[in-house]
Amino acid sequence: MKKARMDKGLTQKQLSDMSGVPYSAITKMATNNQDALLNCVALCTVLDVSMDELFGLKASDSKAELHEQNHELEISNIRQEGNIKRLEELNAMLTAQAVRYRTIIFMLLGVCALLLVSVIGYVIFDIQLTTAGLFQSAKTSTLAGFLGLVVLAAIGSIGYAVKTIHKGMKK
(Lines give C-alpha, C1' and ligand atoms only; values in the text may rest on other atoms or scores of the structure.)
Protein backbone atom coordinates (compact mmCIF):
# COMPACT_ATOMS: atom_id res chain seq x y z
CA MET A 1 0.00 0.00 0.00
CA LYS A 2 2.84 2.38 0.84
CA LYS A 3 4.51 1.88 -2.54
CA ALA A 4 1.26 2.46 -4.45
CA ARG A 5 0.49 5.55 -2.33
CA MET A 6 4.02 6.94 -2.84
CA ASP A 7 3.83 6.26 -6.62
CA LYS A 8 0.70 8.44 -6.71
CA GLY A 9 2.45 11.08 -4.62
CA LEU A 10 -0.15 10.95 -1.85
CA THR A 11 0.17 11.29 1.90
CA GLN A 12 -1.85 9.02 4.16
CA LYS A 13 -4.15 11.97 4.95
CA GLN A 14 -4.73 12.69 1.26
CA LEU A 15 -5.41 9.01 0.61
CA SER A 16 -7.92 9.06 3.46
CA ASP A 17 -9.70 12.14 2.11
CA MET A 18 -9.84 10.82 -1.45
CA SER A 19 -10.94 7.27 -0.59
CA GLY A 20 -13.31 7.99 2.30
CA VAL A 21 -11.41 5.49 4.45
CA PRO A 22 -10.76 6.88 7.94
CA TYR A 23 -7.19 8.07 8.50
CA SER A 24 -6.82 5.80 11.54
CA ALA A 25 -7.75 2.77 9.41
CA ILE A 26 -5.13 3.68 6.80
CA THR A 27 -2.38 4.10 9.40
CA LYS A 28 -3.39 0.81 11.00
CA MET A 29 -3.30 -0.97 7.64
CA ALA A 30 0.07 0.54 6.85
CA THR A 31 1.67 -0.59 10.11
CA ASN A 32 0.32 -4.03 11.03
CA ASN A 33 -1.87 -5.54 8.37
CA GLN A 34 0.79 -7.48 6.46
CA ASP A 35 -0.16 -10.78 8.13
CA ALA A 36 -3.90 -10.16 7.62
CA LEU A 37 -3.32 -9.46 3.94
CA LEU A 38 -1.25 -12.61 3.49
CA ASN A 39 -3.95 -14.64 5.24
CA CYS A 40 -6.61 -13.17 2.95
CA VAL A 41 -4.53 -14.02 -0.12
CA ALA A 42 -4.20 -17.61 1.12
CA LEU A 43 -7.96 -17.83 1.68
CA CYS A 44 -8.67 -16.40 -1.79
CA THR A 45 -6.32 -18.93 -3.36
CA VAL A 46 -7.96 -21.90 -1.63
CA LEU A 47 -11.51 -20.63 -2.21
CA ASP A 48 -10.74 -19.52 -5.77
CA VAL A 49 -12.31 -16.09 -5.29
CA SER A 50 -11.08 -12.53 -5.58
CA MET A 51 -10.52 -10.27 -2.57
CA ASP A 52 -13.61 -8.31 -3.57
CA GLU A 53 -15.71 -11.49 -3.57
CA LEU A 54 -14.17 -12.63 -0.27
CA PHE A 55 -15.27 -9.43 1.43
CA GLY A 56 -18.60 -9.16 -0.34
CA LEU A 57 -17.73 -6.13 -2.45
CA LYS A 58 -19.23 -5.64 -5.88
CA ALA A 59 -17.00 -4.64 -8.75
CA SER A 60 -17.59 -0.99 -9.52
CA ASP A 61 -15.84 1.81 -11.32
CA SER A 62 -17.86 4.48 -9.57
CA LYS A 63 -16.20 6.17 -6.62
CA ALA A 64 -19.60 6.92 -5.14
CA GLU A 65 -20.60 3.25 -5.20
CA LEU A 66 -17.32 2.19 -3.61
CA HIS A 67 -17.73 4.89 -0.97
CA GLU A 68 -21.29 3.66 -0.27
CA GLN A 69 -20.10 0.04 0.03
CA ASN A 70 -17.33 1.17 2.38
CA HIS A 71 -19.87 3.13 4.43
CA GLU A 72 -22.17 0.09 4.69
CA LEU A 73 -19.25 -2.08 5.86
CA GLU A 74 -18.30 0.55 8.47
CA ILE A 75 -21.88 0.59 9.78
CA SER A 76 -21.89 -3.21 9.93
CA ASN A 77 -18.61 -3.17 11.88
CA ILE A 78 -19.98 -0.60 14.32
CA ARG A 79 -23.06 -2.77 14.93
CA GLN A 80 -20.84 -5.79 15.54
CA GLU A 81 -18.66 -3.78 17.93
CA GLY A 82 -21.83 -2.81 19.82
CA ASN A 83 -22.82 -6.47 20.05
CA ILE A 84 -19.34 -7.37 21.28
CA LYS A 85 -19.52 -4.67 23.96
CA ARG A 86 -22.91 -5.96 25.12
CA LEU A 87 -21.60 -9.51 25.26
CA GLU A 88 -18.54 -8.39 27.23
CA GLU A 89 -20.80 -6.55 29.70
CA LEU A 90 -23.01 -9.64 30.02
CA ASN A 91 -19.95 -11.83 30.56
CA ALA A 92 -18.67 -9.49 33.29
CA MET A 93 -22.08 -9.55 35.00
CA LEU A 94 -22.30 -13.36 34.86
CA THR A 95 -18.73 -13.70 36.16
CA ALA A 96 -19.59 -11.43 39.12
CA GLN A 97 -22.70 -13.52 39.81
CA ALA A 98 -20.65 -16.72 39.69
CA VAL A 99 -18.24 -15.30 42.26
CA ARG A 100 -21.14 -14.36 44.56
CA TYR A 101 -22.77 -17.76 44.14
CA ARG A 102 -19.46 -19.52 44.72
CA THR A 103 -19.20 -17.79 48.11
CA ILE A 104 -22.74 -18.85 49.02
CA ILE A 105 -22.05 -22.41 47.90
CA PHE A 106 -18.91 -22.57 50.06
CA MET A 107 -20.91 -21.31 53.04
CA LEU A 108 -23.59 -23.95 52.48
CA LEU A 109 -20.92 -26.64 52.09
CA GLY A 110 -19.47 -25.55 55.43
CA VAL A 111 -22.89 -25.83 57.09
CA CYS A 112 -23.42 -29.27 55.52
CA ALA A 113 -20.01 -30.41 56.74
CA LEU A 114 -20.80 -29.21 60.28
CA LEU A 115 -24.16 -31.00 60.22
CA LEU A 116 -22.49 -34.14 58.94
CA VAL A 117 -19.92 -34.06 61.73
CA SER A 118 -22.74 -33.48 64.23
CA VAL A 119 -24.71 -36.50 62.95
CA ILE A 120 -21.63 -38.72 63.05
CA GLY A 121 -20.80 -37.47 66.56
CA TYR A 122 -24.36 -38.11 67.74
CA VAL A 123 -24.38 -41.61 66.29
CA ILE A 124 -21.13 -42.42 68.07
CA PHE A 125 -22.47 -40.93 71.32
CA ASP A 126 -25.86 -42.69 70.99
CA ILE A 127 -24.32 -46.09 70.31
CA GLN A 128 -22.39 -45.85 73.56
CA LEU A 129 -25.56 -45.30 75.62
CA THR A 130 -26.77 -48.61 76.97
CA THR A 131 -30.15 -47.67 78.48
CA ALA A 132 -31.53 -44.91 76.20
CA GLY A 133 -31.11 -43.26 72.79
CA LEU A 134 -32.30 -43.88 69.28
CA PHE A 135 -30.39 -47.09 68.79
CA GLN A 136 -31.82 -48.62 71.94
CA SER A 137 -35.47 -47.59 71.26
CA ALA A 138 -35.61 -48.47 67.54
CA LYS A 139 -34.28 -51.32 65.52
CA THR A 140 -30.54 -50.74 65.42
CA SER A 141 -29.94 -52.12 61.96
CA THR A 142 -32.70 -50.03 60.27
CA LEU A 143 -31.67 -46.76 61.89
CA ALA A 144 -27.98 -47.41 61.39
CA GLY A 145 -28.58 -48.19 57.73
CA PHE A 146 -30.63 -45.04 57.24
CA LEU A 147 -28.10 -42.79 58.99
CA GLY A 148 -25.30 -44.49 57.05
CA LEU A 149 -27.04 -43.65 53.78
CA VAL A 150 -27.57 -40.04 54.91
CA VAL A 151 -23.89 -39.72 55.82
CA LEU A 152 -22.76 -41.26 52.50
CA ALA A 153 -25.13 -39.02 50.52
CA ALA A 154 -23.85 -35.95 52.36
CA ILE A 155 -20.22 -36.89 51.79
CA GLY A 156 -20.92 -37.56 48.11
CA SER A 157 -22.79 -34.27 47.67
CA ILE A 158 -20.07 -32.26 49.36
CA GLY A 159 -17.38 -33.98 47.28
CA TYR A 160 -19.27 -33.37 44.03
CA ALA A 161 -19.86 -29.69 44.88
CA VAL A 162 -16.21 -29.12 45.78
CA LYS A 163 -15.07 -30.88 42.58
CA THR A 164 -17.46 -28.79 40.44
CA ILE A 165 -16.38 -25.53 42.04
CA HIS A 166 -12.71 -26.47 41.73
CA LYS A 167 -13.22 -27.28 38.04
CA GLY A 168 -14.97 -23.92 37.54
CA MET A 169 -12.08 -22.05 39.18
CA LYS A 170 -9.58 -23.58 36.75
CA LYS A 171 -11.47 -22.08 33.79
Members besides L115 in its Ile/Leu/Val/Met/Phe/Trp/Tyr cluster (side-chain heavy atoms under 4.5 Å):
V111
Quick one: pull up OG1 in T95 and CD in Q97 and give me the separation to the nearest 0.5 Å.
9.5 Å
Are the side chain of S118 and the backbone of L114 linked by a donor-acceptor contact shorter than 3.5 Å?
yes
When rounded to the nearest 0.5 angstrom, what distance separates NZ in K13 from OH in Y23?
8.5 Å
Please give me the minimum heavy-atom distance between S16 and P22, naming the atom from each residue.
OG-C, 3.6 Å
Indicate if V117 and Y122 have the same hydrophobic cluster label, given that clusters are the connected sets of ILVMFWY residues with side-chain heavy-atom separations under 4.5 angstrom.
no
Working to the nearest 0.5 Å, report the span between CD1 of I84 and CG of N91.
13.0 Å
Just wondering, do Q14 and T11 contact through their side chains at under 4.5 Å, heavy atoms?
yes
L15 with M18, same ILVMFWY side-chain cluster at under 4.5 Å
yes
I'd like to know if L108 and Y101 are part of one continuous hydrophobic network [Ile/Leu/Val/Met/Phe/Trp/Tyr, side-chain heavy atoms within less than 4.5 Å].
yes
Under the salt bridge (charged side-chain N to carboxylate O under 4.0 Å, His left out) rule, collect the residues that match up with D7, sequence neighbours excluded.
K3
Drop me the distance from I155's CD1 to I120's CD1, to the nearest 0.5 angstrom.
5.5 Å
Flag if over 12 foreign heavy atoms under 6.0 Å of CG, D48
no
Output for pair (L152 CG, L116 CG), nearest 0.5 Å, gives 9.5 Å
Which value, rounded to the nearest 0.5 Å, describes the distance between M93 atom CE and E88 atom CD?
14.0 Å
How about M107: does its CE atom have over 12 heavy atoms from other parts shown lying under 6.0 Å from it?
no
